[in-house]
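Side chains are part of it too, since the values below use all heavy atoms of this structure and drop only hydrogens, waters and symmetry mates.
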Amino acid sequence: MIIQSFVFNRNQVNTYIVSDEITKETMIIDCGCTSQEEFNKIVSYVNENKLSLKYSFCTHLHFDHMFGINYIYDKYHIMTKACILDYDLLEWNKLCCVLMGLSNEEKELLSTEHIQWIEEPYEKLMIGDNVFSVIPTPGHSPGSISFHCESKKVIFCGDVLFKNGQGRTDFDGGDSSTLKYSIEYILNLDKDTLVLPGHYQPFRVKNRLPCNLATKK
């Protein structure tokens with residue numbers, strides 16, 4: 001498995017490109033591009049490595065994690081999958097656009113016509129021979145999902161937790177008690193599991209710093 005990350009948009013979202021080195025099957029997680037210039041970095045990487053895009057996912061539907069889904073559809077004709085439990089966040093995103101002073105171009109990127117809804121998050125998907133479990137990890141948002149490849153000891157967790165903090169729960173649909181259980185699930189994985197969050201740097205479960213104060217995104 002090969003993992004390439006890019007950091008996009010004003011909120012510094014980690015966009016991950018996960019590929020199998022033999023079959024070249026690929027998925028994108030949290031495409032946060034807000035410009036063609038940013039998206040061209042993905043296109044160049046895919047082309048240079050002769051990758052075949054199979055899936056696009058959002059770990060959750062806060063606006064900064066879904067900016068690039070229309071770019072993906074326009075280029076690759078692939079819908080981006082997200083959990084239906086985050087549907088109500090689409091209205092909340094509109095309010096955030098106003099409060100944060102997003103440009104009209106950024107607002108237009110939040111169109112939802114190219115989202116494919118996941119009704120039941122418990123599923124498995126294959127990238128080459130790599131099996132990923134799609135796991136509900138709510139709390140930061142109602143429909144937050146994580147992607148765990150047990151054989152490679154890797155989990156993509158969106159904004160559930162970071163090396164020295166955790167996701168915010170003061171956004172619409174957030175719940176601190178629910179987030180606690182999602183964090184415990186991840187921290188109970190194999191201690192060598194690499195955690196790839198939606199912001200900041202990856203870390204191993206065994207290196208996650210104990211803390212009560214959240215570094216929030």
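The main-chain N or O of Lys54 is never found under 3.5 Å from a side-chain atom of Glu25 such that the two would form a donor-acceptor pair. Judged purely by atom type and a 3.5 angstrom limit, Thr112 has no side-chain atom pairing as donor or acceptor with the backbone of Ile115. Judged by distance alone, the side chain of Gln116 and the main-chain N or O of Thr80 form no donor-acceptor pair under 3.5 Å. In this structure, His60 contributes its side chain and Asp86 its backbone to no donor-acceptor pair below 3.5 Å. Under the 3.5 Å distance criterion, the side-chain polar atoms of Asp30 are matched with a main-chain donor or acceptor of Thr59. In this structure, the side chain of Asn130 engages the main chain of Ile127 through a donor-acceptor pair within 3.5 Å. Between the Asp175 side chain and the Thr169 main chain, no donor and acceptor come within less than 3.5 Å of each other. Formation of a donor-acceptor pair under 3.5 Å by the Asn9 side chain with backbone atoms of Asp64 is found in this model.
By the criterion of side-chain heavy atoms lying less than 4.5 angstrom apart, applied directly or through intervening Ile, Leu, Val, Met, Phe, Trp or Tyr residues, Ile3 is grouped together with Ile145 in one hydrophobic cluster. Hydrophobic clustering (ILVMFWY, side-chain heavy atoms < 4.5 Å, transitive): Phe63 and Val13 are in distinct clusters. Ile78 and Leu51 fall within the same hydrophobic cluster, defined by Ile, Leu, Val, Met, Phe, Trp and Tyr side-chain heavy atoms under 4.5 Å apart, directly or through other members. The hydrophobic clustering, which links ILVMFWY residues whose side-chain heavy atoms are closer than 4.5 Å, places Leu125 and Val131 apart. Note on Tyr73 and Leu61: separate hydrophobic clusters, where clusters join Ile, Leu, Val, Met, Phe, Trp and Tyr whose side-chain heavy atoms are under 4.5 Å apart, directly or indirectly.
Applying the ring pair (Phe, Tyr, Trp, His ring centres under 6.0 Å) rule to Phe8 yields the partners Phe6; only residues at least two apart in sequence or on another chain are considered. Residues meeting the salt bridge (charged side-chain N to carboxylate O under 4.0 Å, His left out) test with Lys153, sequence neighbours left out: Asp190.
To the nearest 0.5 angstrom, Ile17 atom CD1 is 6.5 Å from Gln4 atom CD. Atom CD1 in Ile69 sits 8.0 Å away from atom CD1 in Ile72 (nearest 0.5 Å). Taken from CG in Asp88 to CG in Leu90, the straight-line distance is 8.0 Å, to the nearest 0.5 Å. Taking NZ of Lys41 as the start and OG of Ser35 as the end, the distance is 8.0 Å to the nearest 0.5 Å. The CH2 atom of Trp92 sits 4.5 Å away from the CZ atom of Phe171 when rounded to the nearest 0.5 Å. Taking CD1 from Ile28 and OG from Ser56, the interatomic distance works out to 5.5 Å, rounded to the nearest 0.5 Å.
Among the candidates Glu150, Lys124, His148, the single residue satisfying the side-chain hydrogen bond (donor to acceptor under 3.5 Å, both in side chains) test with Ser133 is Lys124. Residue Asp192 is tested with Lys206, Arg204, Lys152 for a salt bridge (charged side-chain N to carboxylate O under 4.0 Å, His left out); the sole match is Lys206. A side-chain hydrogen bond (donor to acceptor under 3.5 Å, both in side chains) with Asp159 is found for exactly one of His65, His62, Arg168, Gln166, namely His65.
Counted within 6.0 Å of NZ on Lys180, heavy atoms from surrounding residues, nucleotides or ligands total 12 or fewer; the atom is thus considered open. Around CG of Asn49, the count of heavy atoms belonging to other residues, nucleotides or ligands within 6.0 Å exceeds 12. Residue Glu37 places its CD atom among 12 or fewer non-hydrogen atoms of other residues, nucleotides or ligands, all under 6.0 Å distant.
Of all the heavy atoms in Phe162 and Pro197, the pair that sits closest is CD2-CB, 3.7 Å. Of all non-hydrogen atoms in Cys149 and Phe132, the two that sit nearest each other are CB-CE2, 3.6 Å. Of all the heavy atoms in Cys157 and Ser146, the pair that sits closest is CA-OG, 3.3 Å. Listed here is the closest heavy atom pair of Leu53 and Tyr55: CD1-O, 3.4 Å. Between Gly143 and Leu85 the shortest heavy-atom distance is CA-CB, 3.7 Å. What you find for Thr15 and Gly32 is that their closest heavy atoms are OG1-N, 3.0 Å.
Side-chain contact between Ile118 and Phe57 is present, with heavy atoms from C-beta onward closer than 4.5 Å. Residues Phe147 and Val18 fail the side-chain proximity criterion, which asks for heavy atoms closer than 4.5 Å. Using a 4.5 Å cut-off on side-chain heavy atoms (C-beta onward), Cys33 and Ile42 make contact. Asn164 is not listed as a side-chain neighbour of Tyr200, based on a closest heavy-atom distance of 4.5 Å or more.
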Item to check | Tyr181/Tyr185 under ring pair (Phe, Tyr, Trp, His ring centres under 6.0 Å): CA gap, chis, key distance, verdict | outcome: CA-CA 6 Å; Tyr181 288 107; Tyr185 172 85; over 10 Å; no

Item to check | Test log, rule side-chain contact (heavy atoms from CB on, under 4.5 Å), inputs Asn14 and Leu196 | outcome: CA-CA 9 Å; Asn14 291 330; Leu196 295 112; over 6 Å; no

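Classified by interplanar angle (parallel below 30°, tilted 30° to 60°, perpendicular above 60°), the ring pair Phe39/Tyr76 is perpendicular.
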